[in-house]
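To keep things clear, I will list the structure first and then write my remarks on it.
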Amino acid sequence: MADVPANPSSSSNPAAAAPAAPVAPPPDPLIAALTALGAEALPLTQDLLPVFRVERDAWPSVARALRRDPQLSFEMLIDVAGVDFPKRRPRFEVVYHLWSLTWNKVIRVKVGVPEEDPQVASVIDLWPTADWHEREAFDMVGVKFAGHPDLRRILMPDDYPWHPLRKDFPVEGIDNSISYVKAGGVLMTRELDVDRPAGQDRTPVDRSHGDPAGYSDGTPTLPEEGRS
Amino acid sequence: MGVEDKFPEVVTSRLTDLVGWARKNSLWPMPLGLSCCAIEMMATVGPRFDLSRFGAEVFRFSPRQSDVMIVAGTLTWKMASVARRIYDQMPDPKWVIAMGVCASSGGLYRNYAVVPGVDRILPVDVYTMGCPPRPDTLIRAVMELQKKIDELAIDGRRPREPVFVQ
Ligand code: SF4
């Protein structure tokens, strides 16, 4: 409000008036406080949540202020998500949704994480619920959370080598049975694909040649008249 | 012209048939309820559909006491070794019913996490269609399995052709 000239005729500051933002955001003490902390306010999205981008190095102090500052007091961490933007630099983003029960405000904070050093500070000491959320973001996207006491995979098997929600990971997986086979499991062929003599149990699949026939794309296993 | 004529209270049979008859009418399922299909499996044992009419109502949560594993739901690769270990703990003779399209083929999931059909890791005897299959379909699967058990040799070797129930 202060920088809007009260009297147009005075025009004491023409340089500030000319390149003004097309839509001035409403003066929000929250935005002011966060900007003072070093967060960059991003344009509103469709869901009208205030969105902020925080530099990775500033994130621990910003998070501490968000949680502890009585003017902000975001007591609740709703979720932590890892997002992969393959064409952007930094490639990954960790998105936090925070809810201040005191002020009934929800904000979204995005922290960019570069691919070369996919690491961001854990917020588990501020919001204990971040424990499993960060494990999931690590499991799915591969962002590491420094300071997390137990950063294991949470959804995929412990010895799974990939991070399946990265955009360059094929949807249908690479070698999905890898953990099962490593644990000593034996894969079987599909009944329809083999002409197996009755009375025999199924033969193990020879995995040295990749996927068995019929599991890869575009390999018809049934004759055309057998279909549909 | 036989024992039965002379002693009307006596019934003669082949031992194979007798054992098969006992086996097929006292199937104790091991419910491997992995997701939504398990709800229909529970409905099947309820009073409305009443699987006990076919002798298969004694759901055992210990694999060591069960004959038939009903894989009801989406099997993930993380769960796969657990499912296989449960199957290995079941005493012979044992059977597997793949309930629903998820268990039969992976169903609507074709991704890194889901096993494309439990027949990748278990020998399936009866496949069941539906997402989820109605309780009738599961009962039908149990009946088809009973037919297979009838053909079972006494040493427990089973006819291995799977049955597809629609
Ligand atoms: S077949 Fe359908 S109902 Fe059954 S587990 Fe899969 S998705 Fe659920």
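Remember, it's a predicted structure, so these values are computed and weren't measured experimentally. Numbers restart at 1 for each chain; the letters A, B, ... are given by sequence-line order, proteins then strands.
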Closest non-hydrogen atom pair, B/K78 against A/M156
NZ-O, 3.4 Å

So which atom in A/N176 and which in B/N111 form the shortest heavy-atom distance, rounded to 0.1 Å?
ND2-O, 3.7 Å

Heavy-atom side-chain contact between A/S179 and B/W77 under 4.5 Å
no

Scan residues 111-126 of chain A for pairs that pass side-chain hydrogen bond (donor to acceptor under 3.5 Å, both in side chains), counting only residues two or more places apart or in two chains.
A/R56-A/D117, A/R64-A/D125, A/R91-A/E115, A/S122-A/E134

Looking at B/Q65, I'd like to know if its CD atom is crowded, meaning that more than 12 non-hydrogen atoms belonging to other residues, nucleotides or ligands lie closer than 6.0 Å.
yes

Inspect the surroundings of CZ in B/R48 and state if more than 12 heavy atoms from other residues, nucleotides or ligands are less than 6.0 Å away.
no

One should read off an interatomic distance between A/L155 CG and B/T76 OG1, to the nearest 0.5 angstrom, of 9.5 Å

Could you list all the side-chain hydrogen bond (donor to acceptor under 3.5 Å, both in side chains) pairs where at least one residue sits in residues 6-15 of chain B, not counting sequence neighbours?
B/E4-B/T12, B/R14-B/D17

In residues 159-167 of chain A, which residues are in contact with chain B at a heavy-atom separation under 4.5 Å?
A/Y160, A/P164, A/L165

With sequence neighbours left out, which residue pairs that include part of residues 71-97 of chain A fulfil the ring pair (Phe, Tyr, Trp, His ring centres under 6.0 Å) condition?
A/W59-A/Y96

Do the non-hydrogen side-chain atoms of B/R84 and A/Y180 ever get within less than 4.5 Å of each other?
yes

